[in-house]
Protein chains: 2
Amino acid sequence: MTKPALPSPLEGPTQPAGQEDADERILKAAGKLFREKGFAATTVREIAAAANMLPGSLHYRYASKDDVLLALMNRAVKRAMAAVRAAIGEVRDPIEKLRLGLRAHLELLCNGDDSLYVLLFDWRSLPQGAREGVERERGRYESFWDGMLYEAHGSGRARPVLDVELVRHFGFGAINWVATWYRPGGDRTPSQIADTFFAYLAFGLIHEPSRPADLDTRFAALMAASLKGQG
Amino acid sequence: MTKPALPSPLEGPTQPAGQEDADERILKAAGKLFREKGFAATTVREIAAAANMLPGSLHYRYASKDDVLLALMNRAVKRAMAAVRAAIGEVRDPIEKLRLGLRAHLELLCNGDDSLYVLLFDWRSLPQGAREGVERERGRYESFWDGMLYEAHGSGRARPVLDVELVRHFGFGAINWVATWYRPGGDRTPSQIADTFFAYLAFGLIHEPSRPADLDTRFAALMAASLKGQG
DNA sequence: CGCAGGCTTGGTCACCCGGCCAAGCCTGCC
DNA sequence: GGCAGGCTTGGCCGGGTGACCAAGCCTGCG
């Protein structure tokens, strides 16, 4: 319990710049625990301990456990949006933008902080009242992706598809699910997985001029049949 | 608290055949609650109430809440396996088998009982000790799918791919994620969604003899590049 | 008719959760 | 040098949790 008031370069937890910032420590610890055990199974005491502080100190910054989750999720959307924007940079090619965005999203989900995982997989834990704000921000992120999909579609290099939102759900599903089985240290990095999955996605979605018309006809037939509930 | 001992045809909860079977009622109620609120956020009292019995009665059949989850998950694997087998029936065509299997899986996940959802999305809640058994059964289900994928690959109608397991993860991700956003009563049934997604999947994975060799070359190049971490 | 035992009852128990707070420390500013 | 106030301390509280059980009901069987 004897904690040095002055920063000690030999001790891990105590960081030079004001102990790294208590807020950051809380969200980091909460993210890790929420991801591992889920929101409901995690106690505020555990979060506080992992953040190297007492429960009361945590309460001073966040009035409730729900508030921590809320802050974490808002941060997740913000970081995801920033990561994807940064990854795309000045690239203009609509298909390449999708590939780079997918990479950034998966990289953040697997190797970044845990907030994105919590946002995606602990959505149920967010209390009804707090849902609206996060939902709006999350919607912006999804619309951002829809915009890129529309762009790809408009460029004529994407297969004509009935519902862009459905395509986003499809891609997000494949990518987000990686967090379910991926373990660091495997023989594939998240970026490699993203690229591989992009190859799978692209050759189902990208229209190739050199492809015989027969293929597009068959695709359209499959799509039409799927709407009648039989194939 | 006055509960008729004899089956009354006018009362919903009391069923003719021995009140429908208490075990079934427990697992049904638990599945619904676990899906809606998650395992940790659900109390045994809630489950008992939803199953129309007292907590003590539930305890008579399941020693702990964990046991209920375990039974539910084991049932989920069993039902998924049975549903997919039944859907495939006598069909021999490897590609068609995949399509029908995907349909059955998604139909069960969206409209069937909630156990499959719990198995997939509440995996973290299963205590370490109980994990082994379910993991083995779940592995059989996954191997079953891998077998179908190998078959499709062996038939020469599937695109040559480095890692079948990765393809399964890809497809399962896209399909399982549907449970995240699907709401009954929309303008697409699970089977229609499955067929649409199958169309997306197929035209990225199925090798078409009539397709110009150029496309396969580009696919192979993308795959090779993805393993070097760049495209 | 009587009895055995499967199942339910209604409550109890120890635990520990999330939320809270008054007191005090310690830092940086005046 | 002193003080104000932001932040931490450590413990407290009511409530609700999972687990449990002795007693008894009621059904089906002999």
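Note that the coordinates shown come from a computational prediction; the quantities given were computed from them, not determined experimentally. Chain letters run A, B, ... following the sequence lines, proteins first, then strands; residues in each count from 1.
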Practice task
Tell me, please, whether Phe197(A) has Arg103(A) positioned over its six-membered ring: NZ or CZ under 6.0 Å from the ring centre and within 45 degrees of its axis?
Solution key: no
Fill in the blank from the handout: Atom CD1 of Ile47(A) and atom C1' of dC17(C) are separated, to the nearest Å, by 12 Å
Exercise for the section: Could you tell me whether Lys37(A) and Glu46(A) make a salt bridge, using a distance below 4.0 angstrom between a side-chain N and a carboxylate O? Expected result: yes
Practice task
Report yes if a donor N or O on one partner sits less than 3.5 Å from an acceptor N or O on the other, where the partners are the side chain of Arg45(B) and the base of dG18(D); otherwise report no.
Solution key: yes
Problem - Whole-Å gap separating C1' (dG10(D)) and OH (Tyr60(A)) - result: 17 Å
Practice task
Measure from CE on Met53(B) to P on dC25(D) and round the result to the nearest Å.
Solution key: 20 Å
Exercise for the section: Flag this pair as yes if the NZ/CZ of Arg168(A) is under 6.0 angstrom from the six-membered ring centre of Trp181(B) and inside a 45 degree cone about the axis; otherwise no. Expected result: no
Handout entry: Lys32(B) atom NZ: more than 12 heavy-atom contacts under 6.0 Å
Key = no
Exercise for the section: Check the distance between dT8(C)'s C1' and Arg61(B)'s CZ and give it to me in whole angstrom. Expected result: 10 Å
Practice task
Report the distance from atom NZ of Lys65(B) to atom P of dT17(D), rounded to the nearest whole Å.
Solution key: 9 Å
Practice task
Considering only NZ, NE, NH1 and NH2 on the basic side and carboxylate oxygens on the acidic side, decide whether Asp122(B) and Arg124(A) come within less than 4.0 Å.
Solution key: yes
Exercise for the section: Counting heavy atoms from C-beta on, name the nucleotide in dG18(D), dC7(D), dT8(C) closest to the side chain of Ser57(B). Expected result: dT8(C)
Practice task
Check every atom of dG18(C), dG10(C), dG18(D) against the side chain of Leu54(B) and return the nucleotide holding the closest atom.
Solution key: dG10(C)
Problem - Test item: Lys65(A) and Leu58(A) side chains (from C-beta on) under 4.5 Å apart, heavy atoms - result: no
Exercise for the section: In whole angstrom, give the distance that lies between atom NZ of Lys37(B) and atom P of dG16(D). Expected result: 13 Å
Practice task
State which of dC20(D), dT8(C), dG19(C) makes the closest approach to the side chain of His59(B).
Solution key: dC20(D)
Handout entry: ring-ring contact (aromatic ring centres under 6.0 Å, His included) contacts in which one or both residues fall within residues 22-50 of chain A, not counting sequence neighbours
Key = Phe34(A)-Phe39(A)
Practice task
Measure from CG on Leu33(A) to P on dG18(C) and round the result to the nearest Å.
Solution key: 12 Å
Practice task
Enter the inter-axis angle for the ends of the helix from dC1(C)-dG30(D) to dC30(C)-dG1(D) (five pairs per end, rounded to 10°).
Solution key: 10°
Handout entry: Selected nucleotide, minimal atom distance to Thr43(B) side chain, candidates dG18(D), dT9(D), dG19(C)
Key = dG18(D)
Exercise for the section: Whole angstrom is fine here: how far is it from CZ in Arg25(A) over to C1' in dC7(D)? Expected result: 12 Å
